[in-house]
S.K.: 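My questions will all concern the structure given below.
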2 protein chains.
Amino acid sequence: MSTRNSGLSALAGARQVGRLAPVRRTSTVDLIAERLREAVVEGSLPPGAVLGEAELAFQLGVSRGPLREAMQRLTAEGLLVIPRRRGLAVRTMTPEDVRDIHWLRSRIEPELGRRILARPAAERKTVLAELGAEVKRMQRALRKDDARDLGDAYLDFHRALAAWGGSVRLARMMATLLIETRLCTFSMYEHFEVHRDLVPEHVAFVEALAAEDARRFAVLIEAHLDAEVARLLAEPVAAAKEGEDRLLAETPDEPQPLDRLDLPEGL
Amino acid sequence: MSTRNSGLSALAGARQVGRLAPVRRTSTVDLIAERLREAVVEGSLPPGAVLGEAELAFQLGVSRGPLREAMQRLTAEGLLVIPRRRGLAVRTMTPEDVRDIHWLRSRIEPELGRRILARPAAERKTVLAELGAEVKRMQRALRKDDARDLGDAYLDFHRALAAWGGSVRLARMMATLLIETRLCTFSMYEHFEVHRDLVPEHVAFVEALAAEDARRFAVLIEAHLDAEVARLLAEPVAAAKEGEDRLLAETPDEPQPLDRLDLPEGL
DNA sequence: TATTGTAAGTTTGTCGACAATCCGATGATC
DNA sequence: GATCATCGGATTGTCGACAAACTTACAATA
């Protein structure tokens with residue numbers, strides 16, 4: 001033990017002896033899954049899109065085995081659906097899903113606010129700084145009229161909220177819910193779009209947290225999510241027509257919602 | 001259209017015309033995943049257990065491909081961990097996990113109670129009947145001193161609660177949380193065990209719901225979960241020693257918690 | 001005696017291939 | 001004229017195999 005780090009003593013002295021952080025090696029399946037998640041968030045795999053395994057595997061530069069494993073993981077998260085013998089399809093969100101997702105978020109996020117406010121002052125400051133940075137990014141995106149960047153900053157804002165909530169499980173759920181939120185936009189709107197009220201709303205969120213007013217934060221979040229649902233469902237459900245057209249050459253007269261045949265069987 | 005069901009008119013008249021429930025065909029991966037979940041709940045795959053893929057695949061009568069896909073699904077749910085090149089391991093719950101899981105449940109289950117009470121009276125009655133039946137099962141199990149059956153009834157009670165909560169996502173989360181709850185028991189105790197207070201507590205839950213007292217239901221649930229955490233953590237953490245001994249011939253001096261090397265990367 | 005280097009053995013990670021299945025279209029029949 | 005049956009094409013679901021990587025044990029050395 002004592003001689004173990006002798007050759008590195010000069011370095012070891014600088015930090016902690018014999019306590020190196022384990023190397024984070026990530027498996028191929030992890031990489032593929034992350035890539036697929038990105039693609040879903042980014043919109044290059046639009047809801048309802050049906051891709052063949054072979055084609056997708058070729059694009060990713062892997063064989064079908066690892067791809068299929070990654071697909072199963074995304075399926076467990078509810079982002080993908082695997083219709084029997086028909087490749088994989090990105091889940092299309094129904095109005096009911098929109099309500100469910102946003103309702104769930106309206107229960108979770110206020111709780112996250114409470115937990116963040118319960119943290120020691122030093123950490124709270126860090127969180128506020130992080131959230132503030134995301135809001136700034138949103139403001140910049142709005143000035144540049146960059147809806148995509150605005151949307152990404154929105155996701156990162158709420159991701160940060162979840163990350164500081166102090167529960168790994170809750171953070172994981174929120175991560176999935178946020179991707180699903182993005183899927184709601186893709187499923188309901190024809191094109192990617194974010195409205196202007198978003199930024200002032202988030203400024204208010206940060207202010208409420210800065211004022212340590214958990215109640216106000218909860219009310220604001222709930223109002224935001226309610227408004228979001230109303231906005232998404234107000235759209236004259238043009239469905240994910242555009243997305244399907246982009247990858248499928250033609251869409252017959254709605255044979256059956258391809259991506260809702262099998263539900264993930266996690267009960 | 002009109003002639004479509006002509007040959008079945010005699011039958012069709014009895015129920016609804018042209019509206020058959022789709023056949024629920026379940027894939028091999030689904031079956032394997034369900035089987036693995038069962039094994040975890042049942043305890044035949046104890047926390048920390050490390051099994052080789054080939055061996056497990058042989059036991060299940062499938063090849064390694066589908067098994068690996070099912071593993072990925074359980075991994076996404078947080079029940080399994082896949083250390084690099086070391087097969088698969090059932091997750092061992094740490095004290096922190098115990099707190100996280102029960103805290104999360106203490107936020108979710110009161111909400112489920114509120115949602116159930118918000119349902120129409122007819123449905124409420126159905127729910128109460130179902131919950132009551134599970135409590136009766138718990139009582140029978142207690143009289144027969146059958147800890148295993150008591151534990152299963154406990155899970156089913158809370159599963160029913162989740163099923164009637166009206167949110168598919170929440171139900172899915174609860175399903176996972178309940179399996180993790182069971183894993184907490186296996187991880188903390190040496191043997192499977194349930195205490196006697198469990199039954200009266202659940203009688204009180206049902207009574208609170210019958211009285212449509214959501215507030216009381218919430219308080220009771222939270223008290224129950226708090227007590228459960230205290231009980232689990234009070235145990236002089238003998239760890240999952242027993243489980244490891246059963247499958248591994250010998251355990252060296254704790255080289256490193258085998259099943260906590262890789263965390264599920266869902267963030 | 002403790003530690004490092006080496007080697008064999010085992011298991012995973014990945015790939016390619018085969019067969020069963022399903023989809024769509026064309027043609028036959030009532 | 002519409003429905004049913006048949007047939008090819010394409011794709012999935014599953015399996016077996018190979019190579020790389022890791023673990024473990026043993027031996028050599030300081």
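A, B, ... follow the sequence lines: proteins, then strands. Residue 1 opens every chain. Computed over heavy atoms, backbone and side chain alike; hydrogens, waters and symmetry mates excluded.
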S.K.: Given D:dT14, D:dC15, D:dG13, which nucleotide is nearest the side-chain atoms of B:Val62?
M.R.: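 Shortest atom-to-atom distance from the side chain points to D:dC15.
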
S.K.: Could you state the CE-P distance from A:Met71 to D:dT14, rounded to the nearest angstrom?
M.R.: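 Computing the A:Met71:CE to D:dT14:P distance gives 12 Å.
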
S.K.: Does a side-chain N-to-carboxylate-O contact under 4.0 Å join B:Glu42 and B:Arg182?
M.R.: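 No.
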
S.K.: Rounded to whole angstroms, how far apart are CD on A:Glu55 and P on D:dT11?
M.R.: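 About 10 Å, once rounded to whole Å.
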
S.K.: Rounded to whole angstroms, how far apart are CG on B:Leu67 and C1' on C:dT11?
M.R.: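 Going from CG in B:Leu67 over to C1' in C:dT11 covers 14 Å.
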
S.K.: Could you check how far CG of A:Leu56 sits from P of D:dT11, rounded to whole Å?
M.R.: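 Taking CG of A:Leu56 and P of D:dT11, I get 13 Å after rounding.
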
S.K.: Could you point out which residue of A:Leu88, A:Val29, A:Thr28, A:Leu60 forms a side chain to side chain contact (heavy atoms under 4.5 Å, CB included) with A:Leu67?
M.R.: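 Output: one option passes, namely A:Leu60.
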
S.K.: Without decimals, in angstroms, what is the distance between A:Glu69 CD and C:dC15 C1'?
M.R.: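 The answer, rounded to whole Å, is 12 Å.
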
S.K.: Salt bridge check: are A:Glu134 and A:Arg159 linked by an N-O gap of less than 4.0 Å?
M.R.: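 Result for this pair is no, no salt bridge flagged.
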
S.K.: Could you tell me the separation between the CZ atom of A:Arg86 and the C1' atom of D:dG13, rounded to a whole number of Å?
M.R.: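 Checked: the CZ to C1' distance equals 15 Å.
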
S.K.: Given C:dC23, C:dT14, D:dG13, identify the nucleotide with an atom nearest to the side chain of A:Pro66.
M.R.: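 Nucleotide nearest to A:Pro66's side chain: C:dT14.
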
S.K.: OP1, OP2 of D:dA21 versus side-chain N and O of B:Arg84: anything below 4.0 Å?
M.R.: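 For D:dA21, neither OP1 nor OP2 has a side-chain N or O of B:Arg84 closer than 4.0 Å.
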
S.K.: Is B:Arg105 paired with B:Glu228 through a side-chain N to carboxylate O contact shorter than 4.0 Å?
M.R.: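 Salt bridge flag = no for B:Arg105 with B:Glu228.
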
S.K.: Output the single nucleotide from C:dT12, C:dT14, D:dG13 whose closest atom is nearest the side chain of A:Arg64.
M.R.: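 My answer, after comparing the listed nucleotides, is D:dG13.
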
S.K.: Any side-chain N or O of A:Arg68 below 4.0 angstrom from OP1/OP2 of D:dG13?
M.R.: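 Checking D:dG13 against A:Arg68, a side-chain N or O does come within under 4.0 Å of OP1 or OP2.
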
S.K.: Using whole Å, what does the distance between atom C1' of nucleotide D:dG13 and atom CD of A:Gln72 come to?
M.R.: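 To the nearest whole Å, that distance equals 12 Å.
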
S.K.: Quick check: are there more than 12 heavy atoms from other residues, nucleotides or ligands sitting under 6.0 Å from CZ of B:Arg148?
M.R.: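 Yes, CZ of B:Arg148 has more than 12 neighbouring heavy atoms, counting only those of other groups under 6.0 Å.
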
S.K.: Could you tell me how far apart A:Ile82 (CD1) and D:dT11 (P) are, to the nearest whole angstrom?
M.R.: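 Atom-to-atom, A:Ile82 to D:dT11, this comes out as 17 Å.
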
S.K.: Name the residue closer to the 5' end of DNA chain C, choosing between A:Arg85 and A:Gly65 according to the nucleotide with the nearest heavy atom.
M.R.: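 Comparing both residues, the 5'-ward one is A:Gly65.
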
S.K.: How is B:Val29 classified with respect to the nucleic acid when contacts are heavy atoms under 4.0 Å: base, sugar-phosphate, or nothing?
M.R.: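 Touches nothing.
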
